[in-house]
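Worksheet for the structure shown next.
Letters go in sequence order (proteins before strands), and every chain restarts at 1.
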Amino acid sequence: MAFDDLYQEIILDHYRNPHNFGEIQRSCTIVEEDNPTCGDQIKLSLWVDENKTIQDIKFSGQGCAISIASASIMTETVKGKTTNEAREIADTIITTMRGEGEPDVLDEYGDLIALKGVIQFPARVKCATLAWHALEEALQKAETGE
Amino acid sequence: MPTQSDIQQAIQALSFNPYTVREDFPILSEIFQRGEKQVPLVYLDNAATTQKPRQVLDTILHYYHHENANVHRGIHTLAERATEKYENARKKVAEFIGAPSEKTIVFTRGTTEAINLVAGSWGRKFLKAGDVVLLSEMEHHSNIIPWQLLSQSIGIELRYIPVTEEGTLVLDQLPQLVDERVKLISVTHMSNVFGTINPVKEIVAFAHERDIPVLVDGAQSAPHMPVNVQELGCDFYAFSGHKMCGPTGIGALYATERWLEEMDPYHGGGEMIRSVWWDRATWNDIPHKFEAGTPNIAGAIAFGAAIDYLQRLGMDAIHQYEQALTRYALERLEDIPGFRIFGQAPERGGVISFYVGNIHPHDVAQFLDADGVAVRAGHHCAQPLMRKLGIPATARASFYFYNTPEEVDILVQSIRKLKEFFGDGF
Ligand SMILES: Cc1ncc(COP(=O)(O)O)c(C=O)c1O
């Protein structure tokens, strides 16, 4: 278990300068997720157009470096994707983080590769998956329109 | 600032040596591999649970090698040995907290079960809808939830003594908070978040003038200072073996003889009965009335061994040393720019909850762990308090008598490095 595997440079970059931080200034889907055991909170705003493409996605909230970085990378990854593609990625990430998938699949998703290190730290998996659970919930909500 | 030589002087004056007692704790020599480097364990999570000395571990092994049998129900030699040791442990617990008799000590799984026992057996019998249980805002969940459960089932209400920013109870408000509906006050002796030592004796005096019984959560006080329940005057006192060198799964409830006699049993089963018919039963004498089923015999005996160990060092000396070590730590930590401490009570023990800049406590704990330093990050089972403080969590370093000034130095160094790594946080 190496500390540097967890706090890779990519993670620290996203943590110091999170991408897509804030709120979308138009009508869109908003969800809030929290992790009461560590007090992490995330608010996600998601704009899906009529072709089921994610036009914009932003997040705000508070959390540790891992959860902030994961949220930042998540928004980068799914922006421009269709809702089905996004759902598939979220599913892959969450299963992989739980240690149920092959970690190398993360290599295909750009900066997501940096989250690979988290798998060795079971106590931190929840931090890394918070944003992805929020995404799943937002997609669901956008779809059903409630 | 107290220097190394000041604290070394304080150590000279003690009746034990914190450096040599470490040899009794095998786990304290644990070394972790960190890449190429090896780092020694610096265990600063003692408020969560403490480490166990060889004397306690040997007692457990010896029990299973030479004494194991069920208690109270056998004629054979082993049954007699086990029963004698088990009951002897109860005497040690009673003596340790100055209880008038071992009849007033009920073995439980720990503080949590002891409080649940009071809520279940005393609360259900003596409280009714509309009655109020007064807690404080610095309680551990284990002194909140049992009362919430009782509130849901029989309709009691909860009130809370507020805490100040510096982590002390606003006792001036007691006269307003306590009216004739208040039927129990249940407060912690020492906060596991702020380290505050509460003036329990005064609270008991105030309550008893109004005939209100008091429960004291002693999870953090019994391990760290001399405690005498008769001097405190409390009706109930709950504590855990694992936070004072004993094993997990064993603790005790002290209650006055009068309450134990009047309370109904908690769990039903073997051992707690005298005579049983198809449709009814009569109860065993106290404290056995509250100990249904086969108890944690090895745990209780090892709890007794832990008490012997602590008594040998001396609770006064333990308290004195931890006070000196905490002062030593506080002054060094406060010197770090951006270091915020939650809990600045004048009367405090060796629990330090903190924030560094805006760095999330998880990141703090993870970084310190890379240097071998074990601290806790989280809400410390005090979610409503965290919400009131407006923070998601804190990092917490907590000491025991085997921690050294050098370990505090490692903590301080690691926190300084952490600031370089994360900046001020997000
Ligand atoms: C103040 C306080 N009360 C109660 C408890 C609960 O103790 P246990 O988990 O041993 O039952 C703790 C320990 O976490 C504590 O610090």
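The side chain to side chain contact (heavy atoms under 4.5 Å, CB included) test applied to E137(A) returns V31(A), E33(A), not counting sequence neighbours. For H140(B), the side chain to side chain contact (heavy atoms under 4.5 Å, CB included) partners at least two apart in sequence or on another chain are S142(B), N192(B), D217(B), C381(B). Annotation: salt bridge (Lys or Arg N to Asp or Glu O under 4.0 Å) contacts of D49(A) (sequence neighbours excluded): none.
One finds the CZ atom of F422(B) at 6.5 Å from the CG atom of L12(A) (value rounded to the nearest 0.5 Å). One finds the OG atom of S67(A) at 9.0 Å from the NE2 atom of H362(B) (value rounded to the nearest 0.5 Å).
The number of heavy-atom neighbours closer than 6.0 Å to CZ of R332(B), taken from other residues, nucleotides and ligands shown, is above 12. In this structure, Q55(A) places its CD atom where more than 12 heavy-atom neighbours from other residues, nucleotides or ligands lie under 6.0 Å away. The number of heavy-atom neighbours closer than 6.0 Å to CZ of R109(B), taken from other residues, nucleotides and ligands shown, is 12 or below. For E165(B), the CD atom counts as loosely surrounded, since its 6.0 Å shell holds 12 or fewer non-hydrogen atoms of other residues, nucleotides or ligands. For K79(A), the NZ atom counts as densely surrounded, since its 6.0 Å shell holds more than 12 non-hydrogen atoms of other residues, nucleotides or ligands.
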Discussion item. Does Y7(A) form a ring pair (Phe, Tyr, Trp, His ring centres under 6.0 Å) with F367(B)? I'd like the steps, not just the answer.
Written reply: CA-CA 9 Å; Y7(A) 292 93; F367(B) 189 93; 8.0 Å; no
Item to complete: Please report the C-alpha distance between N358(B) and Q62(A) in whole Å, then the side-chain angles of each, then the deciding distance to 0.1 Å, and finally whether the side-chain contact (heavy atoms from CB on, under 4.5 Å) criterion is met.
Response: CA-CA 10 Å; N358(B) 285 319; Q62(A) 52 176 327; over 6 Å; no
Discussion item. Show, in sequence, the C-alpha distance, side-chain angles and deciding distance for F3(A) and R34(B), and conclude whether the side-chain contact (heavy atoms from CB on, under 4.5 Å) test is met.
Written reply: CA-CA 8 Å; F3(A) 180 79; R34(B) 296 287 187 259; over 6 Å; no
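In this structure, the side chains of H360(B) and I66(A) stay at 4.5 Å or more apart for every pair of heavy atoms. Residues P392(B) and Q41(A) form no side-chain contact, since every pair of their non-hydrogen atoms from C-beta on lies 4.5 Å or further apart.
Contacts between residues 123-130 of chain A and chain B, counted as heavy-atom pairs separated by less than 4.5 Å, involve R124(A), C127(A).
Judged by distance alone, with hydrogens and angles left aside, the side-chain atoms of D363(B) form a donor-acceptor pair with the main-chain N or O of A65(A) at under 3.5 Å.
If you measure heavy-atom distances from F32(B) to chain A, you find no contacts under 4.5 Å at all.
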